[in-house]
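One structure is given below, encoded as structure tokens.
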Amino acid sequence: MTVHDHVVVVGASVAGITAAEALRRNGHRGRLTVVGAEHRAPYDRPPLSKQVLSGAWPPERIVLRPRDRLAALDLDLRLGVAATGLDHDGRRLRVTSGGPLGYDALIIATGVLPRRLPGDDLAGVHYLRTLDDALALRARLQPGARLLVAGAGFIGAEAAAVAAGLGVHVTMVEPGPAPMAGVLGAELGGMLAEVHAERGVHVRCGTAIAALTGSAAGEVTGAELTDGTHIAADAVLVGVGTVPATAWLSGSTIPLSGGVVECDAYGQAVPAVYAAGDVCAWHHPRYAGRIRVEHRTSAAEQGALAAANLLAAPDARRPLTGIPYFWSDQYDLKIQAFGLVSAGCEVEVGHGGTAERRLVAAYSREGRTVGLVGIGMPRQLRACRTLLASGAA
């Protein structure tokens, strides 16, 4: 086992906390510091746009680990402290408080930040990245209120479903051809558009927000769209994508491509620095190149593997081989996917169909199946997932 006196994990969400646990589990007995930009105890993010936003779950239910489990890790857990710069040659991490942190090895798990819209300083404009974001938006979702959702990806589509269920008048604006079409493709995206419309959501595709509008008092009143129309709203949720939280690595020796930390098959960016989660791209032998996956299960898998590889001898490290997985809950639909699915794939529905809204679809590139999507057919999806894992056509 490689010995490091002091390991610092930057990021206290699922990738970072899983990495810290794996460091202890794999034999690290030295100092272990976890730096987290939020003041709250580490928590899970997927429920923010679903159970927390709807009010079905209280905030304490999404805490990642109970206090006693965190205490057992013997962490120097620094919450409310953000990374501001890195001198890897000198093994120094600059942070917002407490002075520079020296380290022997580093794991980067800072995740992503929401892509912002100009004019978003108006009251009533919301993002949905943190627990505080979810609680602030939840307070706006009163029956009869008007919510404009910018972007129909995971966050936008899930939040629109929750808001509609609470009696809110929802308009969802998406520049693509259908909700989640960039991931699921036009056919399944069109099915989702129908589902949302049936639940009262006004779905506007092929257009986007050109400018937010506000009152003299600084409250949002709606938005001008690129097609020239105006949508009135009491609140706006912006879900137009994310950017990796890597500004603090500017000027460092950590390799970045498009703001994403570049890693090898073992999660290493440079010697003694590994990365995990949404912030990075790993070389994946199954997909013949680096892949970046913004999903909770991949973040946990990468965090555990990065920690194990950091401590392992070079010839004992293990590459990333897992199949990415994500899910999305919208109304009574549970959408599950394995592999890399995108609008650029050929899509073939092999079980069920969009009309009955129960299906398993295969996604392929150049004749090779690279992913699967299932809706309401978990048994069939599991069987197909086994074939995907084996590399079968």
Side-chain angles (χ1 to χ4, degrees), residues 9-11 13-16 19 37 45 82-88 93-94 106-118 120 127-130 150-156 174-176 180-185 208-209 238-303 305-306 319-320 322 324 326 337 339-345 363 365 370-371:
V9 179
V10 189
S13 194
V14 64
R45 296 188 190 276
T84 59
L86 184 69
D87 172 16
H88 183 54
L93 173 70
R94 295 190 295 277
L106 190 76
I107 296 179
I108 298 169
T110 42
V112 293
L113 299 171
R115 194 178 298 278
R116 307 192 75 88
L117 283 184
D120 64 359
Y127 295 87
L128 194 46
R129 176 64 185 167
T130 69
F154 286 94
I155 295 296
E174 165 58 38
M180 294 182 66
V183 176
L184 300 179
I209 289 182
V238 181
V240 294
T242 61
V243 294
T246 56
W248 61 281
L249 293 170
S250 177
S252 73
T253 57
I254 306 303
L256 301 175
S257 176
V260 178
V261 178
E262 291 187 342
C263 297
D264 63 14
Y266 308 102
Q268 180 176 269
V270 296
V273 176
Y274 285 71
D278 303 357
V279 75
C280 64
W282 286 44
H283 181 85
H284 198 300
R286 179 183 298 274
Y287 300 105
R290 286 192 178 94
I291 67 168
R292 176 169 171 258
V293 183
E294 292 187 54
H295 301 308
R296 196 254 191 226
T297 52
S298 293
E301 179 187 14
Q302 290 176 3
L305 191 55
L320 178 70
F326 72 80
L340 295 182
V341 301
S342 70
C345 293
Y363 288 66
R365 291 180 181 274
V370 295

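Below, all heavy atoms of this structure are taken into account, side chains as well, without hydrogens, waters or symmetry copies.
- Thr246 places no side-chain N or O within 3.5 Å of a backbone atom of Val260 that could act as its donor or acceptor partner.
- To the nearest 0.5 Å, the span separating OH on Tyr287 from CZ on Arg365 amounts to 11.0 Å.
- The backbone N or O of Pro271 lies less than 3.5 Å from a partner atom in the side chain of His88, making a donor-acceptor pair.
- The OG1 atom of Thr84 lies 10.0 Å from the CG atom of Leu86; values are rounded to the nearest 0.5 Å.
- In this structure, CG on Asp264 lies 7.5 Å from CZ on Arg290, to the nearest 0.5 angstrom.
- To the nearest 0.5 Å, atom CD1 of residue Ile108 and atom OG of residue Ser252 are 7.0 Å apart.
- A donor-acceptor distance shorter than 3.5 angstrom exists from the side chain of Trp282 to the backbone of Ala275, with no hydrogens or angles considered.
- Checked by atom type and distance alone, the side chain of Gln302 pairs as donor or acceptor with a backbone atom of Gly277 at under 3.5 Å.
- Here the CG-CG distance, from Leu256 to Leu249, works out to 5.5 Å after rounding to the nearest 0.5 Å.
- Inspection of the Thr242 and Arg129 side chains reveals no N or O donor paired with an N or O acceptor under 3.5 Å.
- Residue Asp278 is tested with Arg296, Arg45, His295, Glu294 for a side-chain contact (heavy atoms from CB on, under 4.5 Å); the sole match is Glu294.
- Within the 3.5 Å criterion, the main-chain N or O of Ala245 finds a donor-acceptor partner in the side chain of Thr110.
- Contact check for Phe326 versus Val341: side-chain heavy atoms found under the 4.5 Å cut-off.
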Determine, step by step, whether Arg292 and Val112 satisfy the side-chain contact (heavy atoms from CB on, under 4.5 Å) criterion, reporting the C-alpha distance in whole Å, the side-chain angles of both residues, the deciding distance to 0.1 Å, and the verdict.
CA-CA 12 Å; Arg292 176 169 171 258; Val112 293; 3.2 Å; yes
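- A donor-acceptor pair is defined here as one N or O able to donate and one able to accept, closer than 3.5 Å; no such pair exists between the side chain of Tyr266 and the backbone of Tyr274.
- Of the possible donor and acceptor atoms, one in the side chain of His284 sits under 3.5 Å from a partner among the backbone N and O of Arg286.
- From Arg94, atom CZ reaches atom CH2 of Trp248 across 10.5 Å, with rounding to the nearest 0.5 Å.
- Pro114 has its side chain out of reach of Ile155: every pair of non-hydrogen atoms, C-beta onward, lies at least 4.5 Å apart.
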